[in-house]
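Everything below concerns the one structure shown next.
One is the number of the first residue; the rest follow in order along the sequence. Note that the coordinates shown come from a computational prediction; the quantities given were computed from them, not determined experimentally.
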Amino acid sequence: MILVTTEFISGKQISTLGLVRGSCIQSKHLGKDILSGFKSVVGGELKAYTEMMNEARAIATKRMVEDAQALGADGVVCIRYATSAVMQGAAEVIAYGTAVKFV
């Protein structure tokens with residue numbers, strides 16, 4: 001499966017299959033949330049949240065790929081990511097794009 005942010009895959013002719021997406025809502029446990037709250041007072045990277053977002057992005061991408069595979073896609077073009085805060089310490093990541101088949 002080829003995944004790109006561009007509208008095309010270099011050297012390939014493609015046929016559009018449709019929109020595919022995957023999402024994940026991720027949170028950290030209370031202990032890490034409290035420690036991150038203290039860290040935010042003094043400044044610096046909140047590594048627990050960076051890890052949380054990286055994990056959520058990977059899960060959302062995996063689910064998008066599974067959605068594309070169900071359509072028989074060879075790739076996904078125009079991939080985008082969006083995030084939103086669901087509640088304190090939890091965020092949603094959505095991965096979406098256009099599933100394509102090589103012709």
Side-chain angles (χ1 to χ4, degrees):
M1 177 79 51
I2 297 176
L3 307 175
V4 296
T5 59
T6 58
E7 296 178 9
F8 59 91
I9 297 172
S10 194
K12 303 283 186 185
Q13 285 193 312
I14 57 175
S15 172
T16 301
L17 297 176
L19 176 70
V20 290
R21 52 108 188 111
S23 66
C24 177
I25 298 175
Q26 196 81 343
S27 69
K28 280 293 171 197
H29 64 76
L30 184 60
K32 287 201 178 200
D33 197 34
I34 291 170
L35 291 174
S36 293
F38 291 135
K39 178 72 172 177
S40 68
V41 172
V42 296
E45 181 181 6
L46 303 176
K47 292 184 182 187
Y49 285 105
T50 299
E51 292 168 9
M52 177 187 81
M53 294 304 289
N54 285 337
E55 185 178 340
R57 202 169 16 262
I59 292 168
T61 302
K62 179 179 178 269
R63 291 178 179 166
M64 178 189 65
V65 167
E66 290 169 352
D67 199 18
Q69 288 171 333
L71 294 176
D74 295 316
V76 180
V77 298
C78 297
I79 294 174
R80 302 291 183 263
Y81 291 92
T83 63
S84 63
V86 176
M87 57 183 272
Q88 178 73 27
E92 177 183 30
V93 175
I94 300 172
Y96 60 95
T98 303
V100 296
K101 186 93 176 148
F102 300 149
V103 292

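What you find for Gln26 and Ala56 is that their closest heavy atoms are CB-CB, 3.8 Å. Taking every heavy atom of both residues into account, Ala91 and Met52 meet most closely at CB-CE, 4.2 Å.
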Could you give the side-chain donor-acceptor pairs of residues 16-23 under 3.5 Å, partners two or more places apart or in another chain?
none

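Atom OG in Ser15 sits 9.5 Å away from atom NZ in Lys101 (nearest 0.5 Å). Between atom CG of residue Asn54 and atom CD1 of residue Ile59 there is a gap of 11.0 Å, rounded to the nearest 0.5 Å. How far CZ of Arg57 is from CE of Met53: 6.0 Å, rounded to the nearest 0.5 Å.
Applying the side chain to side chain donor-acceptor pair (under 3.5 Å) rule to pairs touching residues 69-82 yields Thr61-Tyr81, sequence neighbours excluded.
One hydrophobic cluster, built from ILVMFWY side chains closer than 4.5 Å, cannot hold both Ile94 and Val76; they sit in different ones. Phe8 and Met1 end up in different hydrophobic clusters when Ile, Leu, Val, Met, Phe, Trp and Tyr side chains are linked at under 4.5 Å.
For Lys62 and Glu66, the salt-bridge test passes: some basic side-chain N is under 4.0 Å from an acidic carboxylate O.
Residue Val4 is found in a hydrophobic cluster whose other members, listed by chain and number, are Ile2, Ile9, Ile14, Val77, Val100, Phe102; membership requires side-chain heavy atoms under 4.5 Å apart, directly or through intermediates.
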